[in-house]
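Below is one structure, written out as structure tokens; comments come after it.
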Amino acid sequence: MMFRKEGGMQQVWRRSCRGDLFAGLVLLLSINVTIAWAQQSGSNLGWSNPAGLNQSGSVSARSVGNLEDWSSLSLANSELIPERPLLGERDENPQFTRELWQVKWRQGDPIDLYVIRPKGVAKPPVILYLYSYPSETEIFRGDHYCADVTKDGFAAIGFVSALTGHRYTYRPMKQWFVSELQEALGSSVHDIQMILNYLSTRDDLDMSRVGMFGVGSGGTIAILSAAADPRIKTIDVIDPWGDWPDWMTKSSLIPERERPNYVKPEFLKKVAPLDPVEWLPQLKSQRIRVQQVLDDSVTPRAVQKRIKAATPWTAQILSFDTTQQFSSAASGGKLLQWVKDQLRLASPQSASQDSQNSRAGKQAIEPNHIQSNDVQSDHVQTKLDD
């Protein structure tokens with residue numbers, strides 16, 4: 001199962017990558033870079049325990065933990081003890097600084113973590129980027145991409161989910177993201193909390209303003225992570241997977257010979273606590289946008305309808321009939337702009353204004369119907385008028 005047929009959002013993303021936003025990136029996808037990991041001295045970037053989640057004592061005296069509860073979004077029932085992060089390389093660009101770190105808190109599962117910061121901004125807001133299975137980290141090495149994600153003073157954090165890319169190297173071929181879905185999702189949600197813990201130890205990021213952009217399975221993980229960690233203030237997701245009984249029955253990603261394994265009650269019971277349909281209604285404080293491409297066969301229409309119905313009424317939902325419409329709407333840098341705008345609105349000044357408006361009963365909420373030749377939506381979309 002190492003190589004699987006691409007469909008749906010994988011095709012959508014590759015089409016969007018050929019647009020204006022990621023011009024020139026394709027040439028970089030074939031570059032293979034071997035990173036010689038060097039031990040970081042730790043004088044400027046230590047590994048402390050800001051959240052107090054089962055991480056006590058000296059880091060250098062502890063080994064990577066093994067206890068992990070994949071059925072729970074929280075870290076409370078898991079023992080993930082981080083090793084000191086290793087700096088692999090640092091690239092200086094006139095517009096940004098790109099660092100490649102190796103972080104690890106699980107046996108046999110080191111994570112390549114890209115920290116990309118804009119030049120001239122002391123403590124930029126943070127956006128985590130997580131693309132769908134299957135994906136690699138090469139996109140974070142593209143200078144054009146890095147310039148786009150850091151544009152207007154934002155830091156970008158890039159990585160891949162569990163059982164994806166370099167994190168799938170040492171697994172048996174019969175095990176893959178869907179066959180091990182409970183582990184893939186549970187581990188990734190825990191990883192995001194651990195990554196946020198690490199980022200909180202740095203003094204060059206604004207961790208009071210954290211957003212997340214997720215595609216496909218990355219969108220699913222973004223929803224679950226926002227439910228688990230209030231540090232995530234806003235999420236923008238494109239066709240998140242979910243509604244597992246329907247998704248397992250109809251998704252084109254699953255080989256037909258394997259499908260019977262994933263519709264069994266025992267399998268569905270294991271992944272039920274990790275269904276975004278159950279968690280979306282509980283996201284009351286975050287700013288949320290859900291984008292759906294109606295011809296995406298990886299996320300079937302029945303699943304899209306369930307996710308749409310579960311989305312909080314204060315969220316925005318955009319629907320696109322075709323991948324071509326989506327690519328057109330996402331071109332010219334527009335794809336990544338929304339989450340940046342929401343983090344601007346999440347500044348301390350606007351948060352104070354929101355609180356005042358709420359107390360005065362003047363918080364304005366208005367329909368935001370999207371009507372154009374490229375975008376159609378039958379969902380009443382609402383946006384906080386900040």
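All values derive from a computational prediction rather than experimental measurement.
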- Look up atom OG in Ser74 and atom NE2 in His190, then write down how far apart they are to the nearest 0.5 Å.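 It comes to 7.0 Å.
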Partners meeting ring-ring contact (aromatic ring centres under 6.0 Å, His included) with [X] (sequence neighbours left out):
| X | result |
| --- | --- |
| Phe154 | none |
| Trp70 | none |
| Phe96 | none |

- Query: Which word best sums up how the rings of Trp176 and Tyr133 line up, parallel for under 30°, tilted for 30 to 60°, or perpendicular for over 60°?
  - Reply: tilted
- Once the angle between the rings of Tyr131 and Phe213 is folded into 0 to 90°, is it parallel (under 30°), tilted (30 to 60°) or perpendicular (over 60°)?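 Judged by the thresholds at 30° and 60°, the geometry between Tyr131 and Phe213 is perpendicular.
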Determine, for [X] against [Y], whether the closest basic-nitrogen to carboxylate-oxygen distance falls under 4.0 angstrom.
| X | Y | result |
| --- | --- | --- |
| Arg141 | Glu89 | yes |
| Asp243 | Lys305 | no |
| Asp148 | Lys151 | no |

- Task: Kindly indicate whether the side chain of Asp143, heavy atoms from C-beta on, has any atom under 4.5 Å from the side chain of Arg98.
- Result: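 The answer is yes, as the side chains (C-beta and beyond) meet within the 4.5 Å cut-off.
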- Do you know which of Ser217, Ser161, Ser135 makes side-chain contact (heavy atoms from CB on, under 4.5 Å) with Leu130? Ser161
- Query: Does any pair with a residue in residues 268-278 pass side-chain hydrogen bond (donor to acceptor under 3.5 Å, both in side chains), and if so which ones, sequence neighbours excluded?
  - Reply: none
- Are Trp105 and Tyr198 close enough that their ring centres sit under 6.0 Å apart? no
- Query: Looking only at side chains, do Gln291 and Trp338 share a donor and an acceptor under 3.5 Å apart?
  - Reply: no
- Message: Suppose we screen for side chain to side chain contact (heavy atoms under 4.5 Å, CB included). Which residues come up paired with Lys119, at least two apart in sequence or across chains?
- Response: Glu92, Thr97
- For residues 264-292, the ring-ring contact (aromatic ring centres under 6.0 Å, His included) pairs (sequence neighbours left out) are Tyr262-Phe267
